[in-house]
Amino acid sequence: DPSAELLPCVPIADRIIPDGRRGAPFIATAFNLDDWQNKNIGNLIAAAVKARAIFPKLRLEIAGSGSQASQDAVGKLIARYQAAGFVQCIGRLQADSIQDWMSLAAVFALPSRRESFGMVFLEALLAGTPVIFPAGAAIDGWFEDKPFARAVNAASVDDLAKALIEILQHEKPIRAS
């Protein structure tokens, strides 16, 4: 129909904001904690542990809320990987503040087992923050060969850790790209 027009998906936080990075690096991730298994938080925590071997001040901040059972399950994963000293659940963020938080992160990572388009990745990119996403899903194919958008095998802790380390090692030029 020639009278029809497709509108692009627009994230809630759709502004481009200046680079806010300062201080010790942290990995940001955000999701409804009730979906912790699909969002693959165990592999992200395990990969962050590996990245901390090179970046000892690295932190992981998990934004989101969920049931008490989900919060407990995520807490058990943090304990299993002995990561309580550097992984922090920061709770649900308001829609108008999530991009500001993302701009402070060295990288946004969400290695989901299943993922639709994933507007959260666009929010992070608009905040100037590099993203790590599951290969074959989310924004895969939209940013081919761009250093700020890295597809990983979400089932591989090593692949995820490698992407985290590479982004952290080259953060300034990647953020500038």
Side-chain angles (χ1 to χ4, degrees), residues 6 8-14 16 19 21 25-55 58-64 66 70 73-74 77-78 80-81 83 86-87 89 98-99 101-177:
L6 296 176
C9 296
V10 178
I12 292 171
D14 63 352
I16 298 173
D19 185 358
R21 265 288 288 130
F26 74 91
I27 302 160
T29 193
F31 58 92
N32 181 322
L33 296 185
D34 291 337
D35 202 20
W36 65 271
Q37 290 173 307
N38 178 51
K39 298 303 181 181
N40 207 8
I41 191 62
N43 278 10
L44 182 56
I45 294 168
V49 168
K50 288 183 174 224
R52 255 180 83 86
I54 297 170
F55 298 95
L58 182 66
R59 300 181 337 270
L60 169 60
E61 292 188 5
I62 303 169
S70 295
V74 171
L77 284 171
I78 293 168
R80 177 191 308 162
Y81 292 105
F86 77 94
V87 176
C89 293
I98 194 162
Q99 270 190 297
W101 169 72
M102 288 175 165
S103 77
L104 300 174
V107 60
F108 179 85
L110 189 60
S112 305
R113 291 185 170 103
R114 294 175 315 283
E115 187 66 62
S116 61
F117 183 71
M119 295 303 292
V120 70
F121 297 108
L122 294 183
E123 289 173 323
L125 289 172
L126 287 170
T129 303
V131 297
I132 297 173
F133 59 91
I139 60 172
D140 201 2
W142 286 85
F143 301 100
E144 292 295 323
D145 301 319
K146 300 296 183 196
F148 55 78
R150 296 285 304 270
V152 298
N153 174 353
S156 171
V157 171
D158 289 337
D159 196 31
L160 183 51
K162 179 181 176 192
L164 288 170
I165 291 165
E166 287 175 359
I167 288 174
L168 291 164
Q169 287 175 329
H170 306 286
E171 181 186 353
K172 285 187 181 188
I174 288 173
R175 287 180 84 91
S177 63

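All heavy atoms count here, side chains included; hydrogens, waters and symmetry mates do not. These numbers come from a predicted model, not from an experiment.
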Query - For F148, ring pair (Phe, Tyr, Trp, His ring centres under 6.0 Å) partners two or more places apart - result: F143

Under a 3.5 Å distance rule, please check whether [X] uses its side chain to pair with a backbone N or O of [Y] as donor and acceptor.
X: Q99; Y: E123; value: yes
X: N153; Y: D159; value: no
X: R113; Y: A154; value: no
X: T29; Y: A109; value: yes
X: T129; Y: M102; value: yes
X: D140; Y: A135; value: no
X: R59; Y: F26; value: no

Provide the closest heavy-atom pair for [X] versus [Y] in the form atom of the first, atom of the second, distance.
X: S156; Y: N43; result: N-ND2, 4.2 Å
X: A105; Y: A28; result: CB-CB, 3.6 Å
X: N32; Y: G66; result: OD1-CA, 4.2 Å
X: L33; Y: G64; result: CD1-O, 3.7 Å
X: P147; Y: I174; result: O-CG2, 3.6 Å
X: S70; Y: D34; result: OG-OD1, 2.7 Å

In Å, rounded to the nearest 0.5 Å, how long is the span from [atom1] of [X] to [atom2] of [Y]?
X: K39; Y: I62; atom1: NZ; atom2: CD1; result: 13.5 Å
X: F108; Y: L125; atom1: CZ; atom2: CG; result: 10.0 Å
X: I27; Y: L168; atom1: CD1; atom2: CG; result: 6.5 Å
X: E115; Y: F133; atom1: CD; atom2: CZ; result: 11.0 Å
X: I41; Y: S112; atom1: CD1; atom2: OG; result: 9.5 Å
X: K162; Y: L160; atom1: NZ; atom2: CG; result: 12.5 Å

Query - Beyond-backbone contact of N40 with P134, side-chain heavy atoms, under 4.5 angstrom - result: no

**Report entry** From CA spacing to verdict: side chain to side chain contact (heavy atoms under 4.5 Å, CB included), V87, Y81
**Finding:** CA-CA 10 Å; V87 176; Y81 292 105; over 6 Å; no

